[in-house]
Structures are given as structure tokens and as C-alpha cells.
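Just below is one structure, and these are the notes that go with it.
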Amino acid sequence: MVFLCADRFKHKAIYSLLAVVLVVGYGLSVPTAVEAAPVRPVLCVVSVDGGSVEVSWPEVVGADEYVVYRSVNGSPDYWRGRVSGLGFVDSNRSGSIVYKVASKFGAVRSDRVTCTSDDDADRTNPVPDADFLAVGDFARCNPDGATEVGNLLDDLPQPIWGLGDYAYPDGTPEQFNNCFDPKLGRHKQRFSPVVGNHEYNTPGATGYFGYFGSLAGDPTKGYYSQDHGNWQVLFLNTNCGQVACNQGSQQYQWLQAQLEARPNVCRAVVMHHPRWSSYGPYASANNLGDLTQLFYDAGTDIVLTGHAHHYERLDRVDPNQQVDTTSGFRQFTVGTGGIGPRTPHPDDILSVSQKIIVGEFGVLALDLRPDSYSWSFVDVDKNILDSGSDNCVN
């Protein structure tokens, strides 16, 4: 289930930003009964497969009925009708659904409309059985979610794959020491990091390489590999303007040699920039096409990324973003290390996106078995908000 519901946001500072996203009308026509009124619909977006969705909202003073609009998979006006009360249940639904609620007596508060599905009943408080954690996009010096993520890591002992952008805004030595380190520095030796774009706001990413030292690999490259049993883990530098990513480049040739050295194993790729994202400005990183084709051809199971400040899981895809359940890789974006969330626009959600979580800080826990893997996205309250498992390609 993909959900973008305002009540899931724990941090009041982002309510006003979210409201700007949610109050847009998105082009659905308004029933005649309320056409003359100042209607400003607010929405929730949910993707569900064969389940039910409950939409609820707070009372608008003076209103005795509300209008609920529903569009499915981008088709407008699939359903609309007036309801009394403060809720609407949609049963046995499948697809990407936009629900909007309006009252002829004024706007329903956008930070109080919720849409929940059956999946939300699965929230528990576990300590996941996992081998590795993955998360990126961490800390500013002012208060943010990185402190909570650091506290969560106190209770999760696994090694951490860092997905880039550790110290905002520029990755200077001072920002690493004064912003990242007080919140997460006690876990530094557990990190296997990749370099993000904010690190290169300091020339040569010297703040990053100086802080992590040998953990970050050769500072002229920023890419390296690890072997964990039957798993090969490849850490890439996706700042292609700093370290080339194209076919024939040094990084490309290195990756090719690494892949050839260990055929027929399970494989994970760790990098900062997602190849694709439902956050519109990061929709497609075409400069990663050559590297993507290379690791796809060799058989790769998991691609772990940050950069976009939300959690997103894609279906297994090929390098053309086509579903490939036989040889495709599954991309996770885990930009949930504490920096302020960004909300994908409903129109930008990828057709291959299977789960989006916005406004929850947390980590992805991965259990790597000899021929399969499982995942759990764990928020800072130790709720599992997404989980699943799959077999390896090779």
C-alpha cells in the first residue's frame, strides 16, 4: 500500500508545506449542489490491492453533509457523492486512488484528513531480525529527526549502510562535527557509507572523507565493495560530475570487474541517487543508465538509495523501468534519516512504485539469506511500516 496521509506526519513544522500540496483541486469537477460555494477539496492518496480504505475527516462547523470524490489510476470522477457524518469506507478496491473531501461550508482542514487501509493494522513494535540497516539523509545543526534516528539505532545493533547526505547543507568538517556527530556519531564505526551530493558542496567532499576516514574508501573514488557470505555488496559513487559513471569510465570498469569476479551470487548495490523516484525533481537519473545496465545484466537483487526524503519501494524492474519479476532488481529509497520530508505529487507517482511513506523517520532492516532476502522499514517508534521478502535472481 502506498499512502500519503497528512495525519501520519509527526512534525508540526511541515504541516503548512503539506497543506499547500493537499488543497489543490487536481481538476475534478464539483457537483452542482456545491458549485456556488468556496469549495477547496483536500485529499489523501492511497494504493491498495484488493483491500478496503477508510477516509475520515474532522467536523466542519455548520456542515451537515460533505462531498467525497474518488479517482482511480488517474481516471477522474470515478465516484463522487454527498455523505453525512465524518467518514467514508471504500471496500474491495485496487489501484492508486485519490480521495478528496469538501464541504460547502468551507475547507476541511488538510492536516486532519486521513486515509487508511487494512495494512495499517499490521503496525507492531518489533526489534527486527536483520543483518544490515540502510538509511540516508540525516542531520542539520537545528533540531530535526536525526536525534530520533540515532536513538533508534541505539536499540538496533546491526551494521549500517549509509546512503549519503550526512551533514547539511554543505558537508563541511564543522557540520560533520557539530551537526551529524552529536546525533549519530556514536554509531560512526558501524557505517559503510556512500557519498551524497551535499558532501560535494565542500570541494572534493573532504569533510565526508575526513570524517569517515577509511570507512569511506579511497577519497579520489568513493566506491568500494564488500562480500558477506553469498552476497556481494557494491558501494557506488553516483555523483557523476565528480567521479564519472558512464560506460568506459574508471568506475564502470571497476564495477564490471567486480561483477565478473563473483558470478551467481546474490547482490546489493548501495548508492545515493535513486535511478528513479516518485519525487518529481528526481524522477529519472539518466546519467546512471550505464551503471544500471551493467549491474542488471550481471544479476542484482537490491538497489539501496537515498536523496529523496521519503521511503519508497519499487517493483522489480529492468533498466527501462519495466516490471521484470525474473531478472529485475528492487530499488528502495530510504531518505528518512532525519532531514525534513518531501512529499511526492500524486501525478508523479511511478507506476512501478509499490510503497511510499512520507513523514516517518526510520531505517530499512535487511535480512540477507544465501538465496533470498527480507526487508522491514522500521520507524523511530519501532513500528514496522513495510515488510516483505523475495528470492535472489541468480
Side-chain angles (χ1 to χ4, degrees), residues 1-4 45-51 53 71-75 78 92-98 117-119 134 231 234 236 238 259 264-271 273-280 282-308 310-335 344-358 364 366-369 371-377 385-394:
M1 179 196 75
V2 177
F3 54 86
L4 302 176
V45 180
V46 63
S47 181
V48 64
D49 184 12
V53 182
S71 62
V72 179
N73 296 329
S75 176
Y78 188 93
N92 299 317
R93 301 306 311 163
S94 292
S96 178
I97 309 175
V98 177
S117 82
D118 305 294
D119 289 352
W231 280 80
L234 301 154
L236 303 184
T238 54
L259 295 168
N264 304 319
V265 296
C266 298
R267 215 176 318 269
V269 171
V270 183
M271 59 192 198
H273 297 85
R275 179 64 182 87
W276 305 285
S277 175
S278 289
Y279 180 64
Y282 304 153
S284 184
N286 292 325
N287 56 357
L288 300 178
D290 290 345
L291 294 180
T292 301
Q293 186 71 55
L294 187 59
F295 63 65
Y296 166 82
D297 288 342
T300 293
D301 302 286
I302 306 170
V303 176
L304 298 161
T305 73
H307 196 46
H310 65 274
Y311 172 83
E312 181 168 17
R313 168 172 53 85
L314 304 187
D315 203 345
R316 290 172 57 182
V317 295
D318 67 14
N320 297 312
Q321 201 193 120
Q322 299 300 306
V323 173
D324 180 353
T325 58
T326 301
S327 304
F329 58 86
R330 189 184 304 281
Q331 179 190 282
F332 295 87
T333 296
V334 197
H345 189 287
D347 292 344
D348 294 331
I349 295 175
L350 302 173
S351 62
V352 294
S353 183
Q354 294 187 318
K355 185 84 168 184
I356 295 176
I357 301 173
V358 175
L364 183 67
L366 294 162
D367 186 19
L368 306 182
R369 297 181 284 273
D371 57 1
S372 62
Y373 63 95
S374 62
W375 69 86
S376 301
F377 179 72
L385 305 185
D386 184 38
S387 62
S389 61
D390 209 344
N391 295 321
C392 292
V393 171
N394 292 320

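Across all their heavy atoms, L234 and R267 have their closest contact at CD1-CD, 3.8 Å. Closest approach of G299 to V393, counting heavy atoms only: CA-CG1, 4.3 Å.
Annotation: side chain of L236 is in contact with side chain of L291 (closest heavy-atom distance under 4.5 Å). Within the 4.5 Å cutoff, the side chain of L259 has no heavy atoms near those of the D297 side chain.
A distance-only check finds a donor-acceptor pair linking the side chain of T292 to the backbone of L288 [under 3.5 Å]. A donor-acceptor contact shorter than 3.5 Å links the side chain of D324 to the backbone of T326.
Rounding to the nearest 0.5 Å places NZ of K355 at 13.0 Å from NE2 of H310. We find the CG-OG distance between L350 and S277 to be 6.5 Å, quoted to the nearest 0.5 Å. Here N286 contributes atom CG and W276 contributes atom CH2; the two are 10.0 Å apart, rounded to the nearest 0.5 Å. Interatomic distance, CG of D318 versus OG of S327, reported as 9.5 Å (0.5 Å rounding). In this structure, the separation between SG on C266 and CD1 on I302 is 8.5 Å, given to the nearest 0.5 Å. Rounded to the nearest 0.5 angstrom, S353 OG and D348 CG are separated by 11.5 Å.
Remark: of the listed residues L385, T333, I357, I356, I357 is the sole one forming a side-chain contact (heavy atoms from CB on, under 4.5 Å) with Y311.
Ring planes of W231 and Y373: perpendicular class, angle over 60° (limits at 30 and 60°).
Under a 4.0 Å N-O distance rule, the pair D367/R369 qualifies as a salt bridge. With salt bridges taken as basic N to acidic carboxylate O contacts below 4.0 Å, none links R330 and D301.
Taking the salt bridge (Lys or Arg N to Asp or Glu O under 4.0 Å) definition, one finds that D386 meets it with R313, sequence neighbours left out. Residues passing the side chain to side chain contact (heavy atoms under 4.5 Å, CB included) test with V303 are V269, M271, F295, T300, T305, F329, Q331, sequence neighbours excluded.
For Y282 and H273, the distance between ring centers is not under 6.0 angstrom.
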